[in-house]
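A quick write-up on the structure given underneath.
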Amino acid sequence: MGDNKDLFLLDGNSLLHRAFYALPESLETSQGQCTNAVFGFTKMLLRLIEEQDPNALAVAFDLKGPTFRHEEYQQYKAQRKETPDKLKPQFAMVKEVLAAFKIPVLELEGYEADDIIGTLARVGEKEGYAVTIVTGDRDALQLVTEQTEIMYTKRGISNIINYDLAAVREEYELEPQQLIDLKGLMGDKSDNIPGVDGIGIKTATKLLHEFDSLEEVLANIDQVSGKKRKENLTKQAEQARMSKSLARIELEVPLDYDLQNFTLTEPDQEQLIEVLGKLEFNSLLQELGGYETLSFSDQGQLITELTEVEDLVTKLKQVAKFSFNFNFSNTELYRQEVEGLAIACSAEEAYYLDFNELATTKVLALLKECFKQEEIAKLSPGAKENVLFLKESGIELAGLSFDPLLADYLLQPSAKEYSLAELVQTHLQHELAEDYSLVQEETAAVRVLFELEEILEEELVQRDLLELFKEMEVPLVAILAELELNGIMVDRLELERLSAALAEKLEEISEQVYELADEEFNLNSPQQLGDILFEKLGLPVIKKTKTGYSTSASVLEKLKDQHEIIPLVLEYREYQKLKSTYVDPLADLINPQTQRIHSSFNQLVTATGRLSSTDPNLQNIPIRTEAGREIRKVFVAEEGHQLLAADYSQIELRVLAHISGDESLIQTFIEEEDVHTRTASEVFGVAPAEVSYQQRRRAKAINFGIAYGISPWGLAKDIDVSQKEAEDYINQYFERYPRVKDYMDQSIEQAKEEGYVTTLLNRRRYLPEIKSSNYHRRSFAERMAVNTPIQGSAADIMKLAMLAVAEELKQEQLQTKILLQVHDELVFEVPKSELGEVEEMIKAKMEGVIDLATPLVIDLKIGANWRDMEELALE
DNA sequence: ATCCCCTGCAA
DNA sequence: TATTGCAGGGGAT
């Protein structure tokens with residue numbers, strides 16, 4: 001006694017269940033095997049070992065089949081739902097993990113994990129251990145003693161509460177053993193233990209305070225207050241005794257374990273790597289440093305002499321392909337500092353060209369021919385940055401054939417991020433270690449590409465994604481690099497004027513607001529604003545957020561007439577948004593040399609295949625309000641040029657018409673009718689000419705809603721009608737466009753059966769949660785199943801258009817530049833001399849890029865800046 | 001510093 | 001409790 005030995009006993013069943021419900025079922029291996037519970041459990045186990053450093057640890061499990069409790073009471077746990085199908089196989093997995101950790105697994109026929117744990121806890125106490133029981137089951141609290149405490153996972157698996165003797169006494173006002181009596185009296189719904197009718201926790205606790213134990217209560221029923229209660233206790237005395245007996249954790253399970261064998265030792269490293277690898281727990285593997293290190297030593301050769309570069313060039317001209325990657329240091333805004341270049345001719349032969357020793361321009365001059373030669377295939381990780389740097393250096397890379405990150409994006413479009421290190425881990429089972437020398441590190445990154453190309457392209461072939469990869473995504477890299485390099489010119493003076501004007505207005509409005517509020521506060525703080533509006537001014541609360549009152553525009557809109565402060569706040573919000581999100585940040589991103597802004601267009605972000613834009617995001621520049629639209633004035637065409645905007649008219653609805661095959665919808669577009677008016681006419685049953693403004697507006701919302709996987713609730717909120725009314729509209733819509741309804745059902749069905757949905761060009765999105773038992777998650781996945789083929793196909797079409805237009809511009813040696821892509825719109829900068837030719841070419845190329853059941857129509861606009869643009873009528 | 005929440009901008 | 005994104009400011013840690 002008294003020495004510091006700790007014994008940890010884990011309730012495997014309880015913890016695995018907890019983990020299962022706490023983590024998304026979408027946590028699965030690439031084979032679709034759900035691993036969320038194992039992951040959660042393993043993570044918790046690791047944390048436990050690290051933080052608590054126990055001497056001994058074991059995990060107990062229930063076995064299938066009846067226990068001694070069932071013999072006593074057939075209904076025991078009878079109402080328990082069956083273990084979910086996705087959880088069942090995870091028990092075997094977790095046992096493999098435990099085996100690798102050399103942690104004993106305890107099970108015994110006829111007993112629950114609780115009983116095994118209880119018995120061993122007592123044995124441990126006798127042998128002088130401080131015992132800790134880890135479980136998500138409160139029943140275990142009856143086991144608490146001076147020497148035994150419980151770690152209870154309150155919610156999920158990370159929120160843990162420790163119960164020692166004092167904590168149990170405080171919470172229940174009872175001794176731990178009395179918790180058994182408590183259950184005898186009050187029962188337990190979750191285990192189907194009956195207890196005594198009419199006795200809940202309050203009464204049970206009171207009775208136990210008075211009589212100490214169930215037996216004493218029953219022996220003194222005459223002293224219990226309340227006639228009905230007496231009656232129930234008398235009648236159900238036997239049931240109470242049985243309940244108590246069921247609730248008692250067995251402490252004398254016949255076990256022949258020797259606690260000596262529970263001593264925690266080093267895991268079986270090899271087995272652990274295998275198991276965690278199989279489960280694809282890469283982050284855990286990394287934490288454990290479980291990967292062997294590739295023997296990269298003296299495979300990468302450092303080059304510091306120009307003569308060596310010349311030799312390399314000779315070599316490169318003879319190979320069929322090579323991989324390369326620049327080593328960028330600080331990714332400064334306008335200036336990419338480049339430290340070196342790694343090049344590999346094969347997985348075994350790689351070089352690092354150190355630009356601190358070599359003149360960058362000289363090296364590039366030597367390599368230029370190799371980079372430009374189409375016949376030599378190039379592999380590059382994060383190719384866009386590399387292509388962009390070469391472009392800046394005046395070299396047009398040709399023959400780009402593989403980027404591992406891009407391949408991974410098509411294979412796992414919903415991943416959070418893509419990294420070479422991660423790919424190397426999963427597919428090559430090696431660590432791209434960071435503790436190498438710079439040369440080895442950089443060369444390793446290009447050496448691995450050859451093997452990754454083979455593995456990932458095989459995967460792409462199997463999923464019918466290779467063509468999309470080779471013909472679309474890889475060629476698009478160069479175009480995106482071009483967009484970024486081109487940038488768009490910004491009128492800095494105009495920007496400063498805007499900023500000053502907004503500042504002045506904000507100042508003015510905020511003063512009025514403070515006046516009305518009779519105090520100064522931070523108008524940018526929703527919290528403070530909420531206090532002022534709903535407490536100080538007593539305005540009615542429309543909606544609450546998790547943290548307080550909602551002050552969103554939709555709420556304020558409803559309060560507009562209630563207090564003159566509201567319109568001012570709305571106005572303030574609008575200007576503040578414009579100034580802080582658009583005007584001021586834009587100024588910082590102008591390249592002072594060129595007066596242009598060079599946004600990043602990211603190809604690896606969206607789950608649907610769209611592009612995204614950052615630094616700044618040029619895909620969400622305001623347009624809907626007059627004040628917002630002002631911002632567009634600062635984006636201008638260079639001297640002697642015009643901006644040309646080409647946008648696909650109603651592309652998503654045309655795509656929907658095509659993939660659903662709905663005749664009526666197709667006809668709308670063939671006849672080039674106004675689609676919203678037509679929908680209004682169908683849904684509201686009036687002639688197209690009779691459609692009112694409001695009806696068209698509502699129909700527009702319905703059309704949008706359809707593409708998003710509409711719900712009555714969402715539509716109702718959007719157009720501010722009752723949910724019932726929205727439901728009627730939707731039903732009417734489906735009546736009129738039955739094939740659209742069929743499409744939605746089929747898409748969801750496909751996701752359920754195949755696990756994914758596809759776009760026109762075969763892009764995939766996996767939707768594992770479509771089978772989730774959680775209503776919200778399942779519904780969400782269903783809406784994605786409806787929306788992704790629509791949004792994704794439109795994205796495919798736009799990418800095709802970019803390729804076609806860029807190709808033609810190059811072919812015809814036109815000076816017109818592509819500047820921006822905004823999902824359904826491309827913005828070009830056109831020399832005035834090229835205008836006529838380019839307008840026609842762009843319209844034709846974009847409209848003719850794919851053949852659908854509906855025509856594709858491009859609207860063209862032209863102007864000196866992005867705000868003042870005029871429709872162009874070609875024909 | 002970093003993260004989460006609320007808000008709001010676009011297609 | 002409508003799809004896909006990016007980003008600012010406030011505020012807690």
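All heavy atoms count here, side chains included; hydrogens, waters and symmetry mates do not. Each chain gets a letter, A, B and so on, in the order the sequences are listed, and its residues count up from 1. Not measured: the values here are computed from a predicted model.
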For this session: Find which nucleotide of DNA chain C each of His823(A) and Tyr775(A) is nearest to by heavy atoms, and output the residue with the more 5' nucleotide.
Result: Tyr775(A)
Seminar exercise, completed: In whole angstroms, the gap separating P of dT1(C) from NZ of Lys543(A) amounts to 12 Å
Problem set entry | Thr608(A) side chain near dT3(C) phosphate (N/O to OP1/OP2, under 4.0 Å) | no
Exercise. So, are Lys560(A) and Glu557(A) salt-bridged, with charged N and O less than 4.0 Å apart?
Worked result: yes
Exercise. Ile651(A) CD1 to dT3(C) P: how many Å, rounded?
Worked result: 21 Å
Exercise. Ion pair present between Lys817(A) and Glu482(A), side-chain N to carboxylate O less than 4.0 angstrom?
Worked result: no
Exercise. Is it true that Asp674(A) and Arg678(A) have a side-chain N and a carboxylate O under 4.0 angstrom from each other?
Worked result: no
Problem set entry | Contact residues, residues 553-568 of chain A to DNA chain B [heavy atom, < 4.0 Å] | Ala553(A)
For this session: Sticking with atom P, work out how far dC5(B) lies from dT1(C), rounded to a whole angstrom.
Result: 15 Å
For this session: Could you check whether Trp713(A) and the base of dT1(C) form a stacked pair, meaning centres closer than 5.5 Å and planes differing by less than 30°?
Result: no
Exercise. Does any N or O in the side chain of Tyr514(A) come within less than 3.5 Å of the main-chain N or O of Phe521(A), such that one atom is a donor and the other an acceptor?
Worked result: yes
Problem set entry | Length of the CZ-C1' vector between Phe780(A) and dT4(C), whole Å | 10 Å
Exercise. Are the side chains of Met846(A) and Tyr648(A) in touch, meaning some heavy atoms are under 4.5 Å apart?
Worked result: yes
